[in-house]
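After the structure tokens below, expect a handful of questions from me.
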Amino acid sequence: MRLPVSLLVANASWLSVLTDAPWTYLVLGASAIITEELAPIFGGIAVHEGELRLMPLLFGITLGGWIATAILYALGRLKWEAIRRRFPRTRATGTVALRVVRRNPLTASFLVRFAFGLRIVLPMACGAAQVPLLVYLPVSLVGSALWTAVFTAVGYAAGEAAVQAIGHLGQVGEVVGAVIVTVAILAFVRWQRRRRERKASRQAALRRQRTDGREAAP
């Protein structure tokens with residue numbers, strides 16, 4: 001879900017409603033899981049214009065995104081199968097994400113905020129894969145902090161032009177996410193086929209050994 005960029009960039013007066021108050025940082029942090037890159041980019045622009053302070057902004061958005069991914073992790077750990085039954089269209093993506101997490105738990109935990117198109121599924125898969133809390137929480141926190149810093153810097157450096165550019169980033173991100181998922185699914189299917197072939201080969205070899213053993217018996 002993403003806010004309509006056209007409404008946000010149509011008038012620069014949105015900067016005037018931002019105040020250097022705790023609620024502003026709380027709102028930006030809480031909305032980060034929905035607005036995604038828009039929250040830190042808007043925050044970076046506001047910092048550039050002197051409306052907000054940098055450190056509270058980084059802290060608020062980092063913490064907001066991190067808490068959201070922690071909640072998704074908990075849902076995946078507790079309700080993974082129920083969610084897969086409730087949303088059958090996500091089964092293939094969820095299966096692939098789960099195998100990716102099991103192979104690379106540290107990398108997956110770090111990238112939960114960067115994974116375009118997979119920001120809901122990937123942290124849930126980390127929970128379903130039983131990635132230890134002592135691993136997931138600190139690693140995902142570092143990833144959330146880096147993600148916040150990168151896009152805040154984009155907003156600060158590029159100004160309001162970044163807001164217009166980010167409108168296209170969502171479309172690009174969806175395409176990239178779809179490509180990643182498609183490649184992962186194809187790789188998973190190929191791996192499954194090879195596994196079945198190896199299993200059938202072992203079973204055939206075992207049957208031949210048993211047949212040879214019976215024939216060799218007196």
Side-chain angles (χ1 to χ4, degrees), residues 1-2 29-40 58-152 169-199:
M1 182 178 180
R2 191 181 292 274
S31 66
I33 194 66
I34 300 174
T35 60
E36 299 180 355
E37 292 82 13
L38 292 178
L58 294 176
F59 180 79
I61 297 180
T62 295
L63 190 62
W66 180 63
I67 291 174
T69 59
I71 293 173
L72 291 170
Y73 169 92
L75 286 174
R77 187 155 188 159
L78 299 174
K79 300 291 184 179
W80 178 254
E81 291 303 326
I83 293 171
R84 280 164 56 87
R85 289 194 298 270
R86 177 65 179 82
F87 303 100
R89 292 184 179 180
T90 65
R91 289 178 183 174
T93 304
T95 299
V96 172
L98 192 60
R99 292 194 176 275
V100 169
V101 171
R102 285 173 174 167
R103 292 181 181 180
N104 302 282
L106 286 175
T107 302
S109 299
F110 180 78
L111 294 177
V112 290
R113 295 298 293 135
F114 289 92
F116 292 113
L118 297 173
R119 287 176 178 154
I120 301 298
V121 175
L122 191 57
M124 292 176 66
C126 288
Q130 303 290 313
V131 176
L133 273 174
L134 292 179
V135 173
Y136 179 80
L137 290 180
V139 173
S140 63
L141 177 59
V142 172
S144 181
L146 180 60
W147 177 86
T148 301
V150 167
F151 286 102
T152 298
L169 181 60
Q171 300 173 358
V172 174
E174 291 175 2
V175 173
V176 171
V179 170
I180 292 174
V181 171
T182 300
V183 171
I185 290 174
L186 291 176
F188 174 68
V189 171
R190 185 177 179 183
W191 175 79
Q192 285 282 63
R193 185 183 299 115
R194 288 185 175 181
R195 188 168 70 98
R196 287 195 296 267
E197 291 174 352
R198 289 194 297 267
K199 183 177 180 180

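For reference, positions follow the sequence shown, starting with 1.
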With the side chain counted from C-beta on, respond yes when Leu98 and Trp80 share a heavy-atom pair under 4.5 Å apart, and no when they do not.
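Yes - at least one pair of side-chain heavy atoms lies under 4.5 Å apart.
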I need the Leu58 CG to Leu63 CG distance, nearest 0.5 Å.
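Interatomic distance, Leu58 CG to Leu63 CG, rounded to 0.5 Å: 12.0 Å.
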Using a 4.5 Å cut-off on heavy atoms from C-beta on, say whether the side chain of Tyr136 contacts that of Val112.
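SC-SC contact between Val112 and Tyr136 confirmed.
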Return the OG to CD1 distance between Ser31 and Ile61, rounded to the nearest 0.5 Å.
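Ser31 atom OG to Ile61 atom CD1 measures 7.0 Å (nearest 0.5 Å).
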Sequence neighbours left out, what passes side-chain hydrogen bond (donor to acceptor under 3.5 Å, both in side chains) with Thr62? Give chain and number order.
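With sequence neighbours excluded, Thr62 shows a side-chain hydrogen bond (donor to acceptor under 3.5 Å, both in side chains) to Thr148, given in chain and number order.
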Excluding sequence neighbours, so at least two apart, what forms side-chain hydrogen bond (donor to acceptor under 3.5 Å, both in side chains) with Ser140?
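Testing Ser140 for side-chain hydrogen bond (donor to acceptor under 3.5 Å, both in side chains), a comparison that skips the adjacent residues, returns Trp66.
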Specify the closest pair of heavy atoms between Ser144 and Gly65, including all atoms of both residues, with the distance to one decimal.
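So the minimum-distance heavy-atom pair works out to OG-C, 4.1 Å.
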Who are the side-chain contact (heavy atoms from CB on, under 4.5 Å) partners of Leu106, not counting sequence neighbours?
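If we apply the side-chain contact (heavy atoms from CB on, under 4.5 Å) test to Leu106, skipping adjacent residues, the hits are Val135, Val139.
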Got a sec, which residues hit side-chain hydrogen bond (donor to acceptor under 3.5 Å, both in side chains) with Trp147, two or more places apart in sequence or on another chain?
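Scan of Trp147 (side-chain hydrogen bond (donor to acceptor under 3.5 Å, both in side chains), adjacent residues dropped) gives none.
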Could you check whether atom CZ of Phe114 has more than 12 heavy atoms from other residues, nucleotides or ligands sitting under 6.0 Å from it?
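More than 12 within 6.0 Å, yes.
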For residues 122-134, which side-chain donor-acceptor pairs fall under 3.5 Å, sequence neighbours excluded?
residue, atom, partner, partner atom, Å
Gln130, OE1, Arg77, NE, 3.3
Gln130, OE1, Arg77, NH2, 3.2

Taking only residues two or more places apart in sequence or in another chain, which ones pass side-chain contact (heavy atoms from CB on, under 4.5 Å) with Val150?
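Expected list: Leu146.
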